[in-house]
2 protein chains.
Amino acid sequence: MAATRRLGLESSSSRTALMDGVEAVMREDGYAALTARSVAERAGLKHQLVYYYFQTMDDLLMATYQRHIARVEQQIEDAFRQPRPLHAFWEVCSNPHDARLNMEFMAMANHNDAIRAETITFGERLRRIGLDRVTALIEATPAGREMFSAFAVTQALAAIGSNVGIETTLGIHGGHEETRAMVAWWLDKLEPA
Amino acid sequence: MAATRRLGLESSSSRTALMDGVEAVMREDGYAALTARSVAERAGLKHQLVYYYFQTMDDLLMATYQRHIARVEQQIEDAFRQPRPLHAFWEVCSNPHDARLNMEFMAMANHNDAIRAETITFGERLRRIGLDRVTALIEATPAGREMFSAFAVTQALAAIGSNVGIETTLGIHGGHEETRAMVAWWLDKLEPA
DNA sequence: GTCTATAATCAGATAGAC
DNA sequence: GTCTATCTGATTATAGAC
């Protein structure tokens, strides 16, 4: 509906503040708490401004998601350029601050068609980042050759990292030291100092 | 509010139907779509019945969560009684049907204090189920002794399993065969046929 | 146990003044 | 660019008839 309303400029600081507000609300209260009013309040603006900068609430969410995705992709690309790429990749994946937001977007993707489509193409794209470097690493060590594909190793790291990150934000801490120790042991085997 | 309304019996089939409705809505449309109307419609009942069987919507959600938790706990206890407990545990954890619901409850836990408290105690309790059996298994094989604690191994299995399950329901399939192959290879090393 | 009717509140979205 | 005022519809929850 209403595809023909004038919109504010993309360079506006209020527009950016609204997207920051979306992320803040999602982190603190979850995606279900996202309303034009809650987002604008977090940004220190009136809720009607949402409809000056975006056609619909969904448009605001999508813009925020695309900004978030671009940032995560950049972080992962940077990680794979480090001297020990898997160590750096693990740091990115196990970061609790992003784990929380990632989970909220994942949950949103389950019932928002546009967000899901974006998530799927992003997921497929992510798998290919730095894959050649990881493959070379894995082929270079005896432990690595035993452990199957670079795909599987990076997926396992991402899964364990996000799980530890999510549990940390929830307030579950038991067993994390042991899990982190196991991951560190494997990483050191694949990427000796 | 309203702590003094008469309530229907716990044995009522309508009460059960409402809890089934909660799970159906969460799976299909996410927890944000949970309203007295959406739940009752899924159950084939009028929305006012929610308030005959539960004091508030939150009470209905908590009752449904506790029923879900009890079921998962039972599944995991059963798994650890199988001949190859880690193989069975992996099957439970990587089941897409439950992965989806688990993630929705996890996301809910982030902004619902009662659900979060329940999640934390449940998470800590889960870690102790079958831990003695896994510890014995791990100590019994050379690969196991190398790989640190039973805690870490079960947490890694749970993390990878739920991640694969969630991605499957989202429609992301790339790389899963390789990940499943890697897990199967490890499981066979720890629990030979 | 189930329904009709209703109260109070909050949501997304728009029109138009300044 | 930002605000006041407003419309429409959905939400939780209650009272009370049957």
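Chain naming here is simple, since letters A, B, ... match the order of the sequence lines and numbering starts at 1 in each.
A side-chain donor from one of B:Ser38 and B:Thr35 sits under 3.5 Å from a side-chain acceptor of the other. Counting only N and O atoms by type, the side chains of A:Thr119 and A:Tyr65 include a donor and acceptor under 3.5 Å apart.
Distance A:Met57 CE to C:dA13 P: 8 Å, rounded to the nearest Å. One can place CD of A:Glu41 at 12 Å from P of C:dC10, the figure rounded to the nearest angstrom. Atom CD of B:Gln55 is separated from atom C1' of D:dT14 by 12 Å (rounded to the nearest Å). The separation between B:Leu60 atom CG and D:dT11 atom P is 15 Å, rounded to whole Å. Residue B:Leu18 contributes atom CG, which lies 12 Å from atom C1' of C:dG1 at whole-angstrom precision. Rounded to whole Å, the distance from CG on B:Leu45 to P on C:dT2 is 7 Å. Atom P of nucleotide D:dA13 and atom CG of B:Leu34 are separated by 13 Å, given to the nearest angstrom. Distance CD (B:Glu10) to P (C:dG1): 12 Å, rounded to an integer number of Å.
For the pair A:Ile166 and B:Met106, the minimum side-chain heavy-atom distance is below 4.5 Å. Using a 4.5 Å heavy-atom threshold, the side chains of B:Met62 and B:Phe54 count as separate.
Aromatic rings of A:Trp186 and B:Trp186 (six-membered ring for Trp) have centroids within the 6.0 Å cut-off, being under it. For A:Tyr31 and B:Tyr31, the gap between ring centers is short of 6.0 Å.
Contact between the side-chain N/O atoms of A:Tyr53 and the OP1/OP2 oxygens of D:dT2 is found at a separation under 4.0 Å. Proximity of B:Thr56 to the phosphate of D:dA13: no side-chain N or O atom is located under 4.0 Å from OP1 or OP2.
Comparing B:Leu49 and A:Tyr51 by the nucleotide of DNA chain C that holds the closest heavy atom to each, the one mapping nearer the 5' end is B:Leu49.
Residue A:Phe54 is classed as having no contact, given no heavy-atom separation below 4.0 Å to the nucleic acid.
Taking the charged nitrogens against the carboxylate oxygens, A:Glu41 and A:Lys46 have no contact shorter than 4.0 Å, which rules out a salt bridge.
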Polar-atom pairs under 3.5 Å, protein N or O versus N or O of nucleotides 4-9 of chain C: list them with distances, or write none.
{"from": "C:dA5", "atom 1": "N6", "to": "B:Gln48", "atom 2": "NE2", "distance (Å)": "3.3"}

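Here the side chain of A:Ser12 is nearest to one of C:dT2, D:dG1, D:dT12, namely D:dG1. Here the side chain of A:Thr35 is nearest to one of D:dT11, C:dA11, D:dT2, namely C:dA11.
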